[in-house]
Amino acid sequence: MKVKMIALTALISSVLAIPAVASVGHDGGVPALEDGVSSSQMISNGNENRYAVSIDKPTTLTVTSEHYAGSSSRGNYLRAVLYDASGEMVATASDPDGHFSLVRSLEPGDYQLMVTGSTTMGGAHESRNTYQLHTQYQ
């Protein structure tokens with residue numbers, strides 16, 4: 001019984017240690033990255049938010065992050081990674097204080113943006129630990 005528990009623990013640990021691979025395409029569970037300002041998202045250590053990006057003509061994509069107005073974003077690390085349809089990373093941006101800026105010229109196709117973050121300040125559900133994405137397609 002003890003050996004089975006150790007094996008199960010090792011299996012779970014190895015699965016959790018595998019890095020996430022972008023699954024790009026029209027996945028119904030991944031919201032589209034809309035032009036404009038997103039709803040507020042929580043910065044949660046180790047979790048990610050994914051957004052589908054569909055480009056139908058050559059476009060410059062600009063995505064910036066902002067934190068809750070009136071609160072300090074110090075200690076709110078944010079990272080965005082843009083993947084193409086084959087799962088290859090095509091752009092990345094990060095900032096230790098929650099204000100990344102990702103600008104990339106894109107050819108037509110399906111992409112996926114993954115945003116991850118961590119915070120060293122306050123509890124996970126405090127308003128200071130939120131961000132919004134400001135997106136522009138040109």
Side-chain angles (χ1 to χ4, degrees):
M1 183 67 172
K2 190 173 186 178
V3 172
K4 287 182 183 179
M5 185 58 95
I6 292 171
L8 179 62
T9 302
L11 175 66
I12 291 171
S13 296
S14 66
V15 168
L16 293 177
I18 296 172
V21 175
S23 172
V24 179
H26 294 287
D27 180 357
V30 178
L33 184 63
E34 301 291 338
D35 197 33
V37 180
S38 74
S39 61
S40 294
Q41 301 295 319
M42 298 301 295
I43 299 172
S44 181
N45 296 341
N47 291 332
E48 63 189 32
N49 291 313
R50 295 180 182 216
Y51 304 90
V53 178
S54 293
I55 304 296
D56 59 0
K57 62 182 180 181
T59 300
T60 297
L61 172 67
T62 302
V63 181
T64 59
S65 62
E66 289 190 9
H67 69 285
Y68 182 72
S71 295
S72 170
S73 63
R74 188 174 194 154
N76 286 344
Y77 175 81
L78 284 178
R79 181 171 191 245
V81 181
L82 184 67
Y83 294 95
D84 66 13
S86 66
E88 295 292 319
M89 181 175 56
V90 296
T92 185
S94 62
D95 187 78
D97 291 325
H99 298 283
F100 69 75
S101 180
L102 184 145
V103 179
R104 180 69 182 208
S105 295
L106 299 174
E107 292 299 316
D110 291 324
Y111 299 84
Q112 192 169 99
L113 181 72
M114 291 177 47
V115 179
T116 57
S118 62
T119 183
T120 59
M121 306 299 285
H125 297 290
E126 289 185 22
S127 62
R128 69 177 287 127
N129 297 334
T130 63
Y131 69 92
Q132 292 177 322
L133 298 179
H134 295 248
T135 305
Q136 186 174 25
Y137 294 92
Q138 296 178 325

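- Across every non-hydrogen atom of Y83 and M114, the tightest pair is CE1-SD, 3.4 Å.
- The CD atom of Q132 lies 4.0 Å from the OG atom of S40; values are rounded to the nearest 0.5 Å.
- Every residue two or more places apart in sequence or in another chain that forms a side-chain contact (heavy atoms from CB on, under 4.5 Å) with Q136 is listed here: D35, T62, Q138.
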Before you tell me yes or no, could you show the steps for L113 and L61 under side chain to side chain contact (heavy atoms under 4.5 Å, CB included), namely the whole-Å CA-CA distance, both residues' side-chain angles and the distance that decides it to 0.1 Å? CA-CA 11 Å; L113 181 72; L61 172 67; 6.0 Å; no

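- Annotation: side chain of Y137 is not in contact with side chain of L106 (no heavy-atom distance under 4.5 Å).
- Note: the hydrophobic cluster containing V37 does not contain V63 (ILVMFWY, side chain heavy atoms under 4.5 Å, direct or indirect links).
- In this structure, CD on Q112 lies 11.0 Å from OH on Y51, to the nearest 0.5 angstrom.
- Although no hydrogens or angles enter the test, the distance criterion places a donor-acceptor pair under 3.5 Å between the side chain of T92 and the main chain of A80.
- Residues L133 and I55 share a hydrophobic cluster, clusters being chains of Ile/Leu/Val/Met/Phe/Trp/Tyr side chains in contact below 4.5 Å.
- Partners of S101 by side-chain contact (heavy atoms from CB on, under 4.5 Å), not counting sequence neighbours, listed by chain and number: T64, V103.
- Interatomic distance, CZ of R104 versus CG of D84, reported as 9.5 Å (0.5 Å rounding).
- Residue H99 holds its NE2 atom at 7.0 Å from OG of S65, rounded to the nearest 0.5 Å.
- For the atom pair OG1 (T59) and OH (Y111), the distance works out to 9.0 Å, reported to the nearest 0.5 Å.
- Across every non-hydrogen atom of D95 and G98, the tightest pair is OD2-N, 3.1 Å.
- Nearest heavy atoms, L78 versus G117: CD2-CA, 4.0 Å.
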